[in-house]
K.L.:
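After the structure tokens below, expect a handful of questions from me.
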Amino acid sequence: MTEVKKIAVIGSGAMGRQIGMVAALGGFDAVVQDISADAVSQAEQAMKEWVDGRVAKGRLDAGQADAAWSRLRFTTDLREAVGDADLVIEAATEKLDIKRRVFAQIDELAPGHAILTTNSSTYGSSSVADATKRPEKVCNMHFFNPALVMKAVEVVRHPDTSDDTVDTVMAVARQMGKLPVLLNKEIPGFIANRLMGALRSEAIDLFEQGIASLEDIDVAAKSALGHPMGPFELMDLVGIDVTYLIREATFDMTGDEREKPHPLITEKYEAGEFGRKTGKGWYSYAD
Ligand code: CAA
């Protein structure tokens with residue numbers, strides 16, 4: 001297996017920042033990179049608040065917190081971030097042209113032995129692997145929101161991914177305290193998003209037909225099925241923009257009309273009502 005000591009995370013959004021912290025807590029040297037200095041400093045601040053909260057709540061001792069901080073850095077410099085990385089996790093926006101550009105750049109800058117992964121749940125890694133000269137070292141490493149809490153990581157190989165790459169990424173996920181699952185074949189949505197998508201479609205249909213309020217549909221998912229959140233609450237957490245972009249991209253890839261974003265999702269996306277991050281989605285958030 002490839003020895004992994006240093007992990008670079010590309011993108012400091014809701015996922016990237018938390019994946020960086022998960023890596024540092026797992027004992028890896030980690031760096032989170034983003035092109036925007038503002039985004040980087042917001043991400044660092046959010047992680048400071050999270051760590052302080054954990055320490056105050058007695059969930060993390062101060063020594064562990066200090067050790068994690070000593071292993072984690074935030075930067076805008078891609079060369080510095082990936083120049084000595086053993087594993088790169090791309091968590092940039094769900095747009096293929098951006099991802100392909102990022103992969104081509106990382107491939108130029110990262111050491112030859114480095115494994116390059118994408119956190120994408122939309123695009124199988126074959127759609128970025130051919131932007132690099134090391135397709136056998138490329139796969140998906142898909143975390144769930146919030147990445148600091150959710151245990152699952154979907155590792156998805158494409159036809160040319162090597163066994164060493166898969167074994168290494170599975171082992172890294174375990175060292176991060178995660179429970180990785182392996183998909184031997186690329187399929188849009190992987191496992192969890194396919195299950196979630198089916199539930200979400202039913203929930204929106206029930207709401208649109210006026211069968212029940214969205215609040216009651218969420219209550220039923222929690223109280224009847226034991227889900228920690230209802231489908232509408234979950235869309236607001238994940239981001240209606242993310243949901244929209246995933247569905248659009250999946251429709252583009254498959255041509256399957258059923259994959260198109262629901263018109264109510266499109267309406268919210270176009271209105272900029274993305275969920276918690278904008279203060280309004282299916283629900284309104286005071287701050
Ligand atoms: N970031 C970091 N930690 C968080 C958090 C966040 N955004 N939200 C909650 N937590 C932590 C809390 O600090 C708390 O930790 P402790 O118990 O150790 O103190 C723990 O999670 C539980 O939080 P709460 O008590 O506040 O609330 P909860 O019990 O309702 O849990 C939740 C919150 C973990 C988000 C839970 O509701 C849940 O599991 N929801 C479902 C989330 C889910 O399905 N995620 C997958 C989304 S799909 C995806 O990400 C894939 C994709 O490609 C789009």
Side-chain angles (χ1 to χ4, degrees), residues 11-25 42-43 45-61 64-65 68 89-95 99 117-125 140-156 173 176-181 183 186-201 203 218-219 221-223 225-250 259 261 265 269 274-277 281-283 285 287:
S12 68
M15 295 303 289
R17 64 182 70 165
Q18 293 209 358
I19 295 169
M21 181 54 79
V22 165
L25 289 167
Q42 274 176 29
Q45 185 56 33
M47 286 303 92
K48 283 220 161 77
E49 284 168 20
W50 182 81
V51 169
D52 290 350
R54 308 303 291 158
V55 172
K57 214 172 164 183
R59 296 277 201 213
L60 193 66
D61 76 46
Q64 285 173 308
I89 305 171
E90 171 272 320
T93 191
E94 287 286 75
K95 294 194 174 150
K99 289 188 188 291
T117 69
T118 172
N119 178 52
S120 181
S121 58
T122 314
Y123 300 107
S125 62
N140 292 79
M141 186 178 190
H142 177 226
F143 293 78
F144 292 82
N145 190 336
L148 282 159
V149 180
M150 306 310 285
K151 289 275 183 216
V153 172
E154 291 174 321
V155 178
V156 189
M176 289 173 167
K178 301 298 185 195
L179 288 171
V181 294
L183 281 83
E186 294 182 328
I187 176 171
F190 308 153
I191 300 173
N193 279 356
R194 287 182 85 90
L195 298 177
M196 188 173 71
L199 181 73
R200 187 177 47 219
S201 298
D218 277 348
V219 168
K222 289 182 283 189
S223 61
L225 305 176
H227 291 190
M229 282 181 151
F232 294 101
E233 291 170 325
L234 188 54
M235 275 185 269
D236 278 0
L237 172 76
V238 168
I240 290 171
D241 54 333
V242 174
T243 303
Y244 173 86
L245 291 172
I246 289 175
R247 299 301 284 213
E248 274 285 294
T250 310
E259 300 288 358
I265 297 272
Y269 178 77
F274 296 166
R276 289 193 192 184
K277 66 176 100 166
W282 295 105
Y283 294 92
Y285 302 85
D287 50 46

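Order of listing sets the numbers, starting from 1, for every ligand and every atom in it. Reckoned from all heavy atoms, side chains included, excluding hydrogens, waters and symmetry mates.
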K.L.:
If the condition is side chain to side chain contact (heavy atoms under 4.5 Å, CB included), which residues does Pro188 pass it with, not counting sequence neighbours?
P.N.:
Arg194, Thr250, Thr254
K.L.:
Which residue, Lys48, Gln42, Glu49, forms the side chain to side chain donor-acceptor pair (under 3.5 Å) with Gln45?
P.N.:
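Testing each of Lys48, Gln42, Glu49 against Gln45, the sole residue satisfying side chain to side chain donor-acceptor pair (under 3.5 Å) is Glu49.
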K.L.:
Answer yes or no: is there a donor N or O on one side and an acceptor on the other, between the side chain of Lys95 and the main chain of Leu245, under 3.5 Å?
P.N.:
no
K.L.:
Applying the side-chain contact (heavy atoms from CB on, under 4.5 Å) test to Ile19, which of Val153, Leu148, Asn119 qualifies?
P.N.:
Asn119
K.L.:
Would a distance-only check, ignoring hydrogens and angles, find a side-chain to backbone donor-acceptor pair under 3.5 Å from Asp236 to Tyr283?
P.N.:
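Side chain of Asp236 to backbone of Tyr283, a donor-acceptor pair under 3.5 Å: yes, one is there.
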K.L.:
Would you find a donor on one side and an acceptor on the other, under 3.5 Å apart, between the side chain of Glu154 and the backbone of Ile191?
P.N.:
yes
K.L.:
Give the residues near ligand 1 by chain and number, with the criterion being a heavy-atom distance under 4.0 Å.
P.N.:
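Ligand 1 is contacted, at a heavy-atom distance under 4.0 Å, by Gln18, Trp50, Arg54, Lys57, Arg59, Ser121, His142, Phe144, Asn145, Pro146, Val149, Met150, Asn193, Met196, Pro228, Met229, Leu234, Val238.
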